[in-house]
Protein chains: 2
Amino acid sequence: MAAERGRGRPRSEEADGRILEAALALLLERGYDRFSVDEVAASAGVAKTTLYRRWPTKDHLIVAVVAQLQDAVPVHYTGDVRADLTRYLNEIVSGLNRMRLAGRPATSGDTSAGLVAEVAAAAARHADVGAAVHAMFHRRNAVALALLERARDEGELRPDVEPEVLFDQLAGALYYRLLVTGRPLDAAYVGRLVTGALRGASA
Amino acid sequence: MAAERGRGRPRSEEADGRILEAALALLLERGYDRFSVDEVAASAGVAKTTLYRRWPTKDHLIVAVVAQLQDAVPVHYTGDVRADLTRYLNEIVSGLNRMRLAGRPATSGDTSAGLVAEVAAAAARHADVGAAVHAMFHRRNAVALALLERARDEGELRPDVEPEVLFDQLAGALYYRLLVTGRPLDAAYVGRLVTGALRGASA
């Protein structure tokens, strides 16, 4: 990339970084409904046309912000798959709770999925937003799947375990509680979930 | 109930049934965006005021329709927990695929969550709709949890299995694929999921 401009990142990448930073700040402050692309342009100091050329709608920009948040979640492999999974799922829980509360104060008993549900609905409504969301999770989950494959190869997991199905059970339980049943997500639940998935239910 | 009017169901219950039937037909034909409460009233032959008194918004009415669909899914206990879970999860998959395609033709490669995502977003947006959705799943999932508890009591499942966590892993994986990763849901996947959850991942 440096070759393009002789030094540092190319101008468009610098602008993208500024825009996404401004968009994240505004999104967390305002939430989905009161998030405005024009305000992001003003805050990042770029022309609206620049921003709309890159992300044609509010939904496209929000998905890009969420993708960047997801990519910031670290995956660690220490050789203890229970500990590594627990740590990673707790990071997901923190991120989901932060996203769901975007634009409003945390009050007890408020179980709304907030922004997480809005992103799912935007993905369902617009095929190109859906493709972007699915690609983001595909790329992101590949890191977690690699962790599970490595644990399987090291003999920590059964040789016939299917990493994709196991990860669906784990991440799926978290999103299900958030988006469907409205049950709380916390470290205690993550512990029960990892135990159940690793141990299995059969007598 | 019969005592209220001398015979049959009370008038309000009859009207509710007609309204929900008309609403379901219109919802499956039109999908979320083009669903209209006024058209439901006309189709069911009831005054709009009757309908709005019972369900104040389009979202409230749609949640009632979805609740009725869910309650129609049978849960069987035959003493073979793998077979019973597989059958129940396949019913959920059929219902989800029907709901997600409401208002549009099934075309290959279309993985949109459609109406399922709109219901999740409506639940996130309005606290009372959210409470209704959470209550619907709480009531509905109690039937599946009873199946798992019985299987545990009969010795088919481990004595320390947590039915809620196990069901989150199973139903959660289905909703996660539909609402988040856009991966397909079919009987082959249900088979892999039940196998993985019952067997567990630990070596």
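Here is the naming used below: chain letters follow the sequence lines, and residue numbers restart at 1 for every chain. Just so it is clear, the structure is predicted and the values come from calculations on it, not from any experiment.
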Has [X] got more than 12 heavy atoms of other residues, nucleotides or ligands less than 6.0 Å from its [atom1]?
X: B:Glu21; atom1: CD; result: no
X: B:His138; atom1: NE2; result: no
X: B:Arg140; atom1: CZ; result: yes

Under a 4.5 Å heavy-atom cut-off, does chain B meet the side chain of A:Leu157, its backbone, both or neither? both

Where does A:Tyr32 contact chain B at under 4.5 Å (heavy atoms): side chain, backbone, both or neither? neither

Answer yes when A:Glu162 and B:Arg199 have at least one side-chain N-carboxylate O distance shorter than 4.0 Å, and no when they do not. no

Between A:Arg183 and B:Asp168, is there a salt bridge with N-O shorter than 4.0 Å? no

When heavy-atom pairs shorter than 4.5 Å are enumerated against chain A, which of [options] gives the highest number?
options: B:His126, B:Arg82, B:Met136, B:Arg125; value: B:Arg125
options: B:Val165, B:Leu193, B:Val180, B:Thr195; value: B:Val180
options: B:Gly196, B:Ala135, B:Gly31; value: B:Gly196

Tell me, side chain or backbone of [X] under 4.5 Å from chain A's heavy atoms, or both, or neither?
X: B:Leu179; value: both
X: B:Arg192; value: both
X: B:Asp160; value: both

Contact leader toward chain B among [options], where contacts are heavy-atom pairs under 4.5 Å:
options: A:Leu170, A:Asn141, A:Val133; value: A:Asn141
options: A:Ala171, A:Ala122, A:Gly130; value: A:Ala171
options: A:Ala151, A:Ala197, A:Gly114, A:Ala113; value: A:Ala197
options: A:Ala124, A:Ala131, A:Ala117; value: A:Ala124

Would you call the rings of B:Tyr175 and A:Tyr176 parallel, tilted or perpendicular, taking 30° and 60° as the class edges? tilted

Minimal non-hydrogen separation, B:Gln169 against A:Ala173, with atom names: N-CB, 4.2 Å

